[in-house]
2 protein chains.
Amino acid sequence: MDTSKLHNKVVSYIKNEIVQGRLLPGSKLPTERELASSLSMSRNSIREGLRVLENIGIITPVQGSGNYISLNFDETMSEMLSFMYFLKGIDEEQVIEFRWMIEEEALKLSLHRMKEEDIKALKTNLSALIASKNEEEKIQYDQMLHSTIVNACGNDFLIANYNAFTSFMDSHIKSMRQRIVRGMESSHLLEEAHRKMVEGLIQSDLDLSLQGLHDHFGYIEQYKK
Amino acid sequence: MDTSKLHNKVVSYIKNEIVQGRLLPGSKLPTERELASSLSMSRNSIREGLRVLENIGIITPVQGSGNYISLNFDETMSEMLSFMYFLKGIDEEQVIEFRWMIEEEALKLSLHRMKEEDIKALKTNLSALIASKNEEEKIQYDQMLHSTIVNACGNDFLIANYNAFTSFMDSHIKSMRQRIVRGMESSHLLEEAHRKMVEGLIQSDLDLSLQGLHDHFGYIEQYKK
DNA sequence: AGAAATTTGTTCGTATGTATA
DNA sequence: TTATACATACGAACAAATTTC
C-alpha cells in the first residue's frame, strides 16, 4: 500500500486492526480526535483516510455517534463496474456475455454444493415464476432464481462478483432483464428454460441445467461460437 | 448516490464531467481552491471527496501540480479482493477455483478472438517458458502466458477481473504460482500443459486447450467434481 | 540556473448539527 | 429536557513539490 500519503496511515491501521481481530463488524472505531492523537496526525488527515475506508465499504460513519465497521464491498464494486461501463463504452453484449459466464460456472459448482434449503428456494422461485401473470413479477422471480443458484455455489469471489454485477445491472441497464424475458418468444420458453435449470440442479444433471441456461441466454450468437 | 454528505458533491460533479466528455483521461481537474469556490464548499470537504475519487481509481493527485483523471480501477478492485480474502477467511482452494473459472471462460472466448500478435506473443511466451532454467523465470513466463490469453478474450469485465485478481494474488499469495509450478511433478508436465493450451488456441481446438488448462489446475479435486 | 508563483499535503482552531445518556 | 460526546464543515496558515518565468 502507498504509504507516502499520510491519510493512508489510518487506512492501513484500521485494516490491520480488523485483520488482527481487534475490530469486528459493528465495532466502534476510536473517535476521530483519538485517532488523530494516537496516530500523531491531524483530524483532517484522519478524515481523508476515513473517507477511503468508507468508500471501500469498510466503515459506516454516523454523525453524532461514531464510525463503525460495516464490511460491505458489493456497493463499491458495483459502483466501479458502473463507471467502467460508462467510460469504456462497453456494449451490452459484453455485459450479457459476462453474466452468462458467471452463471454457467456458478451452475457447475452449485450442482454439487446445493443444500436442502437452496433446492427448496429454487422450487418456490420456479413455481412463483410460472404462476406470475405480469412481466414485472416474472422479472422479479427470474432475478431471485438466478441469485439463488449463484449464491449456492460456495465460491465467495464468484458470489461477490455476481452480486456487484447484479446491482450494477439493475441500476444502469434495468431494461436488460426485461429484454431477456421478452426475448423468449413466448413466456412458455422462459419457463421451460428455468425449469430445465432447476430440474437439472435437483437431479444433478449438469447437461440439462446448462441447456436451460443456454436457452436463457442463447439468443446471443457471438458467445459460444 | 448518497448526497447527504457534502463531500459527495464533488464526487458526482467530477463523475458527471467525465460522463459528459468534458474531462478525459489525463485531463487536469480544476484546482482544489477553484473547486471549493465553484461548488461553494470548503477545501477540506473538496479534499475528502477527492480521496474517494482517488480510491475508486478515477483521479491521481500530484503534489505541486494538480489532480488528473486516471481511470484505473484494477488496483481498487484488487485491494477489495485482498480484503475480502482476509476477512472472509477464504481458503486457497476458492482462490484457485475462481482463477480457473476465469481462465477457462477466457480461453473459450479467446479461441475465436485471438489476433496475429496474440498468437505470436503466445508462441514467444511458450518458448521462453520451456527455455527458462530456474523456477523464478518459469513463474514469470507462466504468468505472462496466462495473461496474454485472458487479455485476448475481448470481454472487458473479464479482463478487469483477471487483472485485479492477478494483482491480488501476486501481492498476497505470492507462493501460489510457485506451488502450481512445483505441483506439476516434473517441469515437463508444466511445459506440456502450456503447450496444449497454446497449440489448442492456435489450431482452434477447444478440447486440447481445455485439457491443457485442466492439466495446469487439475490437482484441485474439489472443482469439476 | 534560479527565483517566484502555483498547487497539493498537512495542521490547527472554531463553529454547528446530531446522537446518546 | 439538558448536558456531553461526536461527526460535519469551514477558514486560515504553513510545508513541500511542481511549474513558470
Side-chain angles (χ1 to χ4, degrees), chain A residues 1-15 17-18 22-72 75-76, chain B residues 1-15 17-18 22-72 75-76:
Chain A
M1 157 141 232
D2 179 18
T3 53
S4 63
K5 307 287 175 53
L6 195 53
H7 64 256
N8 286 326
K9 201 168 162 185
V10 66
V11 176
S12 43
Y13 171 74
I14 296 298
K15 276 188 172 182
E17 287 293 298
I18 295 173
R22 286 189 285 270
L23 285 176
L24 299 172
S27 294
K28 187 171 178 302
L29 265 60
T31 69
E32 296 178 350
R33 285 177 177 82
E34 280 171 0
L35 285 171
S37 168
S38 64
L39 295 180
S40 304
M41 47 195 282
S42 75
R43 245 193 97 197
N44 284 332
S45 294
I46 290 288
R47 285 181 60 81
E48 289 189 25
L50 294 181
R51 291 296 79 75
V52 173
L53 289 167
E54 180 187 3
N55 181 250
I56 299 176
I58 291 181
I59 68 168
T60 300
V62 179
Q63 182 174 357
S65 175
N67 292 286
Y68 298 87
I69 304 291
S70 48
L71 304 182
N72 53 329
E75 207 176 313
T76 311
Chain B
M1 157 140 232
D2 179 19
T3 53
S4 62
K5 307 287 177 54
L6 193 55
H7 63 257
N8 286 326
K9 202 168 161 185
V10 67
V11 176
S12 43
Y13 171 74
I14 296 298
K15 275 188 172 183
E17 288 293 299
I18 296 173
R22 287 189 286 270
L23 284 176
L24 300 172
S27 295
K28 188 172 179 299
L29 265 60
T31 68
E32 296 178 352
R33 285 174 180 81
E34 280 170 0
L35 285 170
S37 169
S38 63
L39 296 180
S40 303
M41 46 197 282
S42 74
R43 206 185 138 209
N44 284 330
S45 295
I46 290 288
R47 284 182 60 82
E48 288 190 27
L50 293 181
R51 290 298 78 76
V52 173
L53 289 166
E54 180 186 4
N55 182 250
I56 299 175
I58 291 181
I59 68 168
T60 301
V62 179
Q63 183 174 356
S65 177
N67 291 288
Y68 298 86
I69 304 290
S70 49
L71 304 183
N72 53 329
E75 207 176 312
T76 311

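These numbers come from a predicted model, not from an experiment. We name chains A, B, ... by the order of the sequence lines, and we start the count at 1 in each one.
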- Message: Working to the nearest 0.5 angstrom, can you tell me the gap between B:K15 NZ and B:I18 CD1?
- Response: 9.0 Å
- List for me each residue that meets side-chain hydrogen bond (donor to acceptor under 3.5 Å, both in side chains) alongside A:S65, sequence neighbours excluded, and say none if there are none. A:Y68
- Query: How far apart are the closest heavy atoms of B:L29 and B:I69, and which atoms are they?
  - Reply: CD1-CD1, 3.4 Å
- Side-chain donor/acceptor of B:K28 to backbone N/O of B:G66, under 3.5 Å: no
- What pairs with B:S42 under side-chain hydrogen bond (donor to acceptor under 3.5 Å, both in side chains), at least two apart in sequence or on another chain? B:S45
- Span of DNA chain C, from the first to the last nucleotide whose atoms fall under 4.0 Å of chain B heavy atoms: C:dT6 to C:dT11
- Taking the side chain as C-beta and beyond, is there a heavy-atom pair between B:N8 and B:T3 under 4.5 Å? no
- Enter the distance from A:I46:CD1 to A:L6:CG here, rounded to the nearest 0.5 Å. 8.0 Å
- Item | Interatomic distance, A:E54 atom CD to A:S70 atom OG [nearest 0.5 angstrom] | 8.5 Å
- Item | Smallest separation among heavy atoms of B:V10 and B:L50, with atom names | CG1-N, 4.3 Å
- Could you give me the CA-CA distance, side-chain angles and deciding distance for A:E48 and A:K5, then say whether salt bridge (charged side-chain N to carboxylate O under 4.0 Å, His left out) is met? CA-CA 10 Å; A:E48 289 189 25; A:K5 307 287 175 53; over 6 Å; no
Are any protein N/O atoms closer than 3.5 Å to N/O atoms in nucleotides 10-12 of chain D? If there are, list each pair with its distance.
residue	atom	partner	partner atom	Å
D:dC10	OP2	B:S42	N	3.0
D:dC10	OP2	B:S42	OG	2.9
D:dC10	OP2	B:S45	OG	2.8
D:dC10	N4	B:N44	ND2	3.2
D:dG11	O6	B:N44	ND2	2.5

- The reported gap from NE2 in A:H7 to CZ in B:R51 (rounded to nearest 0.5 angstrom) is 5.0 Å
- Query: Which of residues 54-65 of chain B have a heavy atom under 4.0 Å from DNA chain C?
  - Reply: B:P61, B:V62, B:Q63, B:G64, B:S65
- Atom pair CD1 (B:I14) and CG (B:N67), whose distance is rounded to the nearest 0.5 Å: 8.5 Å
- Quick one, which residues of residues 23-38 of chain A touch DNA chain C with a heavy atom under 4.0 Å? none
